[in-house]
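For clarity, every value in this text was computed on a predicted model and none was experimentally measured. Lettering follows sequence order; numbering is per chain, from 1.
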Protein chains: 2
Amino acid sequence: MEKPSGPDDVWSKFAMSIFDLNGLLMRAGESIVRPLGQSSARWQVLGRAFQPQTVATMARDMGRARQSVQRVADVLAQEGLVIYRDHPTDRRTKLVELTPRGLEVLTAIYERQLEWSRSVTATLIPAQLSSIVEGLSDIKARLEAEIDLGAKAVQPR
Amino acid sequence: MEKPSGPDDVWSKFAMSIFDLNGLLMRAGESIVRPLGQSSARWQVLGRAFQPQTVATMARDMGRARQSVQRVADVLAQEGLVIYRDHPTDRRTKLVELTPRGLEVLTAIYERQLEWSRSVTATLIPAQLSSIVEGLSDIKARLEAEIDLGAKAVQPR
DNA sequence: ATCAGATTGACAGTGTGCTGTCAATATTCT
DNA sequence: AGAATATTGACAGCACACTGTCAATCTGAT
C-alpha cells in the first residue's frame, strides 16, 4: 500500500499549490495576450523594451538565458514591434526599443491585464492576500538559502 | 513616470511570488532528479506508472496534452524504465508499466525527494505553512471560477 | 446491429526554454 | 600598454510543452 507516488505532507501540498497556481496564472496571462497576437514571452520583452535596453540586460533581469530572450526579441524585431538601435558606447550590442506599433500593442495588453487584475481582486480580501504574499516571500528566502547550501556542498568554488 | 512595465499592486506581487516559487521548486525538482539521469517530466510519468495506466489517462490526470506524455513515455520505454503492456480490453492502447529498473530509479528519486523535503521543512513552521496552503487553494478556486466565466463569455458552447 | 461520435496513438509542426561553443568586443588587472 | 577575463550576439542542438490531423477502435444511442 506504500506507493511512491509522492508524499502527502504539508510541504508537498504546498508545492502542488504553487504548481497549480503557476499553471493558472500562465494560462490567464496567455489568454490576456493571445487576442493581441502575442504570448507571455513576447509580452515580457515588450514590457522591458519600454525602457530601451540590451538583450543581455533583459535576460539577466528576467532570470532567463540570454539566448532565449534574443530569439524572442529577433522575432519581435522582424514583426516591427521593436527595433535594434546602436548602443552608444558598446559596439558589440544594440538597444531594444519599442516601435510605435510595439507601444500600441503593449498598451492594449496593459489595459486587458488591468481589467483582469481588477476582476480577480474584486473577490479577494487584500489583507489576506498580502499576508500570503508575505508568507510566500519568507518561504522563497528559505528555499534560496537551501539551494545555496546545496550548491556549496556540491561545488565549493 | 507611468511606465507599463507592470503594476505593483498586491495581486501582481502575488503573481510574481508564484512565478518565482514555481521556478525555485522546479529547479529543486530537477536537481533532485538530475543525478539519477532523469528530469521532472520523466519523474512524473515514472511515478504514475507505478500503477500501470494508459498514456491518455496519465495525461488527463496531469493536465497535460496526451502527446506530450506519449513522447516522454516512449523515451522511457526505449530506455527500459517502463514497458508497454497490452491493454486487457482496449486494442487501441497499452498500459504503461514500471520495469524493475524503473522501480529502482523511482525509489532512488523518492529517497532523495524525502530528504530534501525534510531539510526544507525543518526551518518552516507547519501551522503557518498550512494556513498558506489553505489561502492558496482559496485563491486557486476563485481563479478557476474566473477562468470559467471568461470561457463562457467568449465561447458559449 | 448499425451508425454517429468519442477516444487513442502516430505523425507533423510550432513556441519557449535550456546548454554549449565561437569570434568580436569591453573591461579589469598588472 | 598589454594581457587575462568577461560579456555579447550568432549559431547549433536538445527537452518539453502545445496544436492540429488522421486512421483505428471503442462506446453509446437508436
Side-chain angles (χ1 to χ4, degrees), chain A residues 19-20 22-27 29-31 33-34 36-48 52-79 81-96 157, chain B residues 19-20 22-27 29-31 33-34 36-46 48 53-79 82-96 155 157:
Chain A
F19 290 146
D20 287 353
N22 185 71
L24 285 171
L25 289 175
M26 287 295 289
R27 278 161 193 255
E30 296 288 349
S31 81
V33 135
R34 183 167 29 223
L36 286 320
Q38 301 301 315
S39 70
S40 290
R42 285 159 140 97
W43 176 13
Q44 282 264 354
V45 174
L46 281 180
R48 307 217 174 229
Q53 298 172 63
T54 67
V55 164
T57 304
M58 286 183 182
R60 259 191 309 266
D61 291 350
M62 294 193 268
R64 324 239 86 130
R66 216 170 65 248
Q67 293 87 333
S68 313
V69 178
Q70 185 77 58
R71 199 169 38 71
V72 174
D74 286 348
V75 175
L76 286 174
Q78 213 169 1
E79 292 175 358
L81 301 182
V82 127
I83 58 165
Y84 290 120
R85 284 221 174 287
D86 285 350
H87 191 288
T89 68
D90 193 331
R91 252 182 308 162
R92 292 170 304 178
T93 186
K94 310 217 166 181
L95 294 176
V96 181
R157 65 173 54 193
Chain B
F19 290 145
D20 286 353
N22 185 72
L24 284 170
L25 289 175
M26 287 294 289
R27 278 161 194 254
E30 296 288 350
S31 81
V33 136
R34 183 167 30 223
L36 284 322
Q38 300 302 314
S39 71
S40 291
R42 285 160 138 97
W43 177 12
Q44 282 265 350
V45 174
L46 281 178
R48 309 222 171 223
Q53 298 174 64
T54 301
V55 163
T57 305
M58 286 183 184
R60 259 192 310 267
D61 292 350
M62 293 193 268
R64 326 238 83 132
R66 217 170 67 251
Q67 294 87 332
S68 312
V69 179
Q70 185 77 58
R71 198 175 35 74
V72 175
D74 285 348
V75 176
L76 286 174
Q78 214 171 359
E79 293 176 357
V82 127
I83 59 166
Y84 289 120
R85 284 220 174 287
D86 284 350
H87 190 287
T89 68
D90 192 331
R91 250 184 310 163
R92 292 170 303 177
T93 186
K94 311 218 165 181
L95 295 176
V96 181
Q155 194 60 249
R157 64 172 54 193

What is the distance from [atom1] of [X] to [atom2] of [N], rounded to the nearest Å?
{"X": "B/D74", "N": "C/dT8", "atom1": "CG", "atom2": "P", "answer": "16 Å"}
{"X": "A/K94", "N": "D/dT7", "atom1": "NZ", "atom2": "P", "answer": "22 Å"}
{"X": "B/R64", "N": "C/dG9", "atom1": "CZ", "atom2": "P", "answer": "17 Å"}
{"X": "A/R42", "N": "C/dT14", "atom1": "CZ", "atom2": "P", "answer": "13 Å"}
{"X": "A/D86", "N": "D/dG9", "atom1": "CG", "atom2": "P", "answer": "13 Å"}
{"X": "B/R91", "N": "D/dT27", "atom1": "CZ", "atom2": "P", "answer": "11 Å"}
{"X": "B/R34", "N": "C/dT19", "atom1": "CZ", "atom2": "C1'", "answer": "11 Å"}
{"X": "B/Q70", "N": "C/dA12", "atom1": "CD", "atom2": "C1'", "answer": "15 Å"}

Heavy-atom side-chain contact between [X] and [Y] under 4.5 Å:
{"X": "A/Q44", "Y": "A/V72", "answer": "no"}
{"X": "B/T93", "Y": "B/V55", "answer": "no"}
{"X": "B/V45", "Y": "B/R71", "answer": "no"}
{"X": "B/V33", "Y": "B/R42", "answer": "no"}
{"X": "B/F19", "Y": "A/N22", "answer": "yes"}

May I ask you to evaluate whether [X] reaches the phosphate of [N], defined as a side-chain N or O under 4.0 Å from OP1 or OP2?
{"X": "A/R60", "N": "D/dT8", "result": "yes"}
{"X": "A/S39", "N": "C/dT16", "result": "yes"}
{"X": "A/S68", "N": "C/dT16", "result": "no"}

At under 4.0 Å between heavy atoms, what does B/T54 touch on the DNA or RNA strands: base, sugar-phosphate, or nothing?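 Sugar-phosphate: the residue B/T54, judged by heavy atoms under 4.0 Å, touches backbone atoms but no base.
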So B/A41, base contact, sugar-phosphate only, or nothing? Heavy-atom distance under 4.0 Å.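 Sugar-phosphate only.
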For [N], does the base pair up with any side-chain atom of [X] as donor and acceptor (N or O, under 3.5 Å, distance only)?
{"X": "B/R92", "N": "D/dT25", "result": "yes"}
{"X": "A/R71", "N": "C/dG15", "result": "no"}
{"X": "A/E30", "N": "C/dG15", "result": "no"}
{"X": "B/Q67", "N": "D/dG20", "result": "yes"}

[options]: which one has an atom nearest the side-chain heavy atoms of [X]?
{"X": "B/R66", "options": "C/dA10, D/dC26, C/dC18", "answer": "C/dA10"}
{"X": "B/A56", "options": "C/dG17, C/dT25, C/dT8", "answer": "C/dT8"}
{"X": "B/D90", "options": "C/dG9, C/dT25, D/dC26", "answer": "D/dC26"}

